[in-house]
Every structure is written in structure tokens, then in C-alpha cells.
Amino acid sequence: MDATAAAKLLDHYAANARDLPWRLATRDPYRTWLSEVMLQQTTVATVTPRFRRFLERWPTVQALAAAPEEEILGEWAGLGYYARARNLIACARAVAERGRFPATESELRKLPGLGAYTAAAVAAIAFGEDAVPVDTNVERVVARVFGLAKRADVPAAARTWFPAGRHGDFAQALMDLGASICRPKRPACDRCPLAADCRAAALGTPEAFPAPKVKKERPHRHGVAWWIRRGDEVWLVRRPAEGLLGGMASLPGPEWTDDRPQVNALAIHRHGFTHFSLDLHLVPQGDPPAGEGWWQPIADLAAAGLPTLYRKAAEAALAAEREPKLAA
DNA sequence: TAGGCGTGGAC
DNA sequence: TGTCCAAGCCT
């Protein structure tokens with residue numbers, strides 16, 4: 001691939017890039033890092049308001065490092081992949097302790113939550129290093145332009161194509177193109193600045209690159225959540241620090257199972273996780289179980305920092321209490 | 001290294 | 001309704 005194609009892409013990006021809130025923060029390590037962690041497996045539309053809210057509450061990495069863990073997890077609630085939030089806290093505290101973000105890809109890579117992609121992205125975008133971030137967009141665009149079916153062949157090709165001194169801009173240009181034009185399905189090749197340089201477009205089968213991943217079957221599971229009322233309050237607990245929804249506020253309940261529980265549920269809320277689906281059976285109980293927890297005012301349920309599963313389950317329980325006949 | 005780990009939007 | 005997919009990381 002010649003340098004002309006790269007220049008065309010950079011020009012297209014300069015003229016058409018979306019005005020994302022973190023783009024103004026290029027070369028700011030804190031904002032770049034925060035946005036990149038939030039964007040891991042998460043859409044721009046979902047991240048944008050959360051990014052702004054985090055920056056309002058914690059304008060610097062020092063402020064974030066000094067914040068109580070429960071408050072950060074509460075602001076993260078609904079964003080998913082909660083290990084990211086736990087790593088975010090650990091990373092902020094490590095950076096605050098050492099005074100600043102490390103400035104190289106290899107040192108960034110050692111921080112919690114910074115894998116191969118994010119370390120390269122922060123190094124390239126915030127520090128101007130010639131690192132090569134390969135996310136799913138870069139992988140797809142490079143696979144199509146070079147006509148590579150095998151994903152494992154993409155990073156080497158990408159390294160030959162990124163223009164020296166412009167890696168941060170080029171990575172963002174590739175990601176913007178991947179999100180808007182070089183989409184997984186029905187790519188808009190007629191609007192693509194790289195169409196004349198693209199092997200997959202020349203073959204007429206852009207969607208065949210890269211080869212699709214093999215999909216796995218998603219099992220179905222069941223859970224019981226106890227719905228414990230005291231006047232206008234409900235009993236909440238905090239989940240164990242590790243594992244699914246680790247460290248997050250939740251309704252109390254026993255371990256989930258593969259089989260349907262024999263209970264008389266007030267409501268059943270169905271939820272889809274990445275690797276299984278769940279029926280959560282909401283069962284009224286009289287008294288809180290042994291162990292720590294707190295009474296949360298129903299009116300302030302939104303402030304409890306519940307992950308989406310429990311937020312929607314609580315909404316279903318409240319709706320069932322109002323309209324018992326619809327709960328069947 | 002393959003599987004665990006959330007959620008919401010597009011189709 | 002279900003399926004795919006998104007600026008991945010960790011073990």
C-alpha cells in the first residue's frame with residue numbers, strides 16, 4: 001500500500017471527522033485514557049454522556065484517584081464490563097502515586113486495564129508515539145484494504161501502512177472510517193476515500209473480509225432476587241468484588257442456577273448477557289437476610305448505582321406491585 | 001488460548 | 001422476537 005492512500009484517508013478524516021468530546025482532548029493523557037477505557041466494547045453514543053459526567057466530577061486523574069470506590073462504580077453503573085471500572089480505579093491510583101501517566105506504550109501496557117490496544121492508542125494519541133493500535137475497526141479496514149481474510153495477518157500489514165509521525169491521527173481516521181463507512185455490514189464503498197485502493201472492494205466482496213468469527217451457543221440460566229420492602233424502601237446489597245457484576249449494588253439473592261426455581265415470583269425479568277441469558281425471578285420476602293446491606297428509598301433508586309439487570313428488574317417488580325394482574 | 005465479562009442499538 | 005456487533009482485557 002502506498003503513502004497516497006494514507007494521505008487520502010487523513011484528508012478525509014480532517015474534513016469529515018465527527019466532533020467527539022474526547023477528540024478535543026488529544027494529547028491530554030487523562031482524557032485520552034478515560035475515553036479509551038470507556039470505549040472498550042462500548043459505543044460512542046453510550047460513552048459520550050458518561051465521559052462528560054466523569055470529567056465534571058473528576059477533572060484530573062488525581063481527583064479520580066482520591067474518589068471513593070463506590071462513587072466511581074456508581075457512575076459506571078449501566079456501562080457494563082465492570083472489571084473496567086475496578087481497573088480504572090486501580091490505574092488512577094497508580095498514576096496519581098507516580099505523579100503522571102507514563103509516556104511510552106511499553107510502560108502504559110503495565111497499568112491495569114491497558115491491554116495491547118489501549119496502551120498503543122494512548123501512546124499514539126496522547127504522546128505522539130508511532131504505536132499501532134489495532135481495534136476492531138482498524139482490523140476490519142486493514143483486512144479489506146489489503147484483502148486479508150485471516151485476522152492474524154492484520155497487525156503486520158497495519159504496521160507497514162501507518163504513516164510515521166501521524167499514528168494517532170491515522171488510528172482515529174481508521175476508526176472513524178470503520179464506524180461510518182467501512183461498516184461490518186453493507187459498507188458504503190461508494191462514499192469511501194479508499195475505494196480505489198481497496199482489494200476487497202475490487203473483489204466485490206468487502207463483507208467477506210475479515211473472515212467472520214465462529215459464534216458460540218448462549219445457554220439460558222435462572223436466578224432469584226429477593227424483593228424486600230420496608231415502607232418506601234427496598235433492601236439492597238453489594239455483590240462480591242470479583243466476577244460477574246463484581247462490586248456492584250444489587251438486589252439480594254442466592255447463586256444463579258441452570259434450572260428454573262420453584263418459586264412464586266412477583267415478576268420475572270429476562271436479561272441478556274454476552275455469554276448467557278437469564279430469567280431473574282423476583283420473589284417478595286419479609287425480612288432482610290443476614291449480612292450487610294442497606295435500605296434504599298424507592299424514590300432514589302436511580303442513585304443506588306444498580307447495573308442494568310437489577311435496575312430493570314426493580315422496575316419490573318414495582319410495575320407488578322402496581323398492576324398485579326399483568327405480572328403473570 | 002479460549003472463555004468470562006454488560007449493555008444497547010441496528011436490522 | 002433473535003442475532004450481530006461495538007475504540008478489549010484478563011486469566
Side-chain angles (χ1 to χ4, degrees), chain A residues 17-18 20-23 25-26 31-51 73 76-88 90-91 108-126 131-141 151-152 167-180 182-187 207 210 212-221 239-248 250 256 269-278 280 306-313:
Chain A
R18 292 171 294 171
L20 306 177
W22 45 88
R23 187 153 289 143
T26 298
R31 297 185 187 202
T32 303
W33 162 75
L34 180 61
S35 64
E36 290 295 344
V37 172
M38 285 187 164
L39 287 163
Q40 289 168 5
Q41 296 290 284
T42 309
T43 58
V44 164
T46 299
V47 166
T48 295
R50 301 307 197 96
F51 175 78
L73 292 176
W76 197 276
L79 268 180
Y81 285 137
Y82 298 99
R84 289 186 299 168
R86 304 193 296 270
N87 284 330
L88 186 86
C91 182
L108 288 161
R109 183 68 179 79
K110 298 174 184 173
L111 294 168
L114 280 90
Y117 165 75
T118 305
V122 174
I125 296 169
V132 181
V134 179
D135 77 319
T136 182
N137 289 298
V138 175
E139 179 183 63
R140 184 173 58 257
V141 175
R151 296 170 190 270
H167 281 218
D169 289 338
F170 197 66
Q172 292 177 88
L174 285 169
M175 291 187 278
D176 203 77
L177 188 79
S180 60
C182 196
R183 302 166 299 212
K185 308 288 186 189
R186 301 190 307 106
E207 288 188 25
K213 295 174 180 171
V214 292
K215 57 180 182 233
K216 290 166 304 209
E217 190 168 335
R218 199 174 71 153
H220 188 70
R221 307 196 68 197
R239 290 177 60 88
E242 303 298 322
L244 189 74
L245 307 175
M248 301 301 292
S250 76
W256 300 342
H269 175 65
R270 181 160 291 182
H271 189 78
F273 290 102
T274 302
H275 48 304
F276 66 95
S277 56
L278 178 77
L280 191 62
L306 290 171
T308 299
L309 165 67
Y310 289 109
R311 179 177 63 77
K312 290 187 175 176

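Within every chain, numbering begins at 1; the chains are lettered A, B, ... in the order of the sequence lines, protein sequences first and strands thereafter.
Summary of the strand contacts: A/Ala119 and A/Lys215 both lie near DNA chain C, and taking for each the nucleotide with the nearest heavy atom, the more 5' one is attributed to A/Lys215. Mapping A/Arg270 and A/Pro112 onto DNA chain C by nearest heavy atom places A/Arg270 at the nucleotide closer to the 5' end.
When the shell of 6.0 Å around CZ of A/Arg186 is examined, it contains 12 or fewer heavy atoms from other residues, nucleotides or ligands.
Chain A approaches DNA chain C over the interval C/dC4 to C/dC10, counting the first and last nucleotide 5' to 3' with an atom under 4.0 Å from its heavy atoms.
At the heavy-atom level, A/Ser35 lies nowhere under 4.0 Å from the strands shown. Using a 4.0 Å heavy-atom cutoff across all strands shown, A/Leu88 reaches no nucleic acid atom at all. Residue A/Ala171 is classed as having no contact, given no heavy-atom separation below 4.0 Å to the nucleic acid. Note on A/Arg140: only backbone sugar-phosphate atoms sit closer than 4.0 angstrom, heavy atoms only; bases stay farther off. Counting any heavy atom pair closer than 4.0 Å across all strands shown, A/Trp76 reaches no nucleic acid atom.
A distance of about 14 Å separates the C1' atoms of B/dT1 and C/dC9, rounded to the whole Å. Annotation: C/dA7 and B/dC11 have their P atoms spaced 15 Å apart (nearest Å). The same atom, C1', is picked in B/dC5 and in C/dC5; the two are 16 Å apart, to the nearest Å.
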Original post:
Can you give one letter per nucleotide of nucleotides 5-11 of chain B, going 5' to 3': B for a protein heavy atom under 4.0 Å from the base, S for sugar-phosphate only, - for none?
Top reply: BBBS--S
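Of the possible polar contacts, one joining the A/Arg221 side chain to the A/Trp256 backbone as a donor-acceptor pair under 3.5 Å is found. Side chain of A/Trp22 to main chain of A/Thr26: no donor-acceptor pair is present (N/O by atom type, distance under 3.5 Å, no hydrogens or angles).
A/Leu177 CG to A/Asn137 CG: the interatomic distance, rounded to the nearest 0.5 Å, is 9.0 Å.
Looking at A/Arg239 and A/Tyr310, their side chains do bring a donor and an acceptor atom within 3.5 Å of each other.
Scored by the salt bridge (Lys or Arg N to Asp or Glu O under 4.0 Å) test, A/Arg31 finds A/Asp28 as partners (sequence neighbours excluded). With sequence neighbours left out, A/Ala90 forms a side-chain contact (heavy atoms from CB on, under 4.5 Å) with A/Pro112. Among residues two or more places apart in sequence or in another chain, the side-chain contact (heavy atoms from CB on, under 4.5 Å) test is passed with A/Tyr81 by A/Gln41, A/Arg84, A/Thr274. Applying the ring pair (Phe, Tyr, Trp, His ring centres under 6.0 Å) criterion to A/Phe170, with sequence neighbours excluded, gives A/Trp161, A/Phe162.
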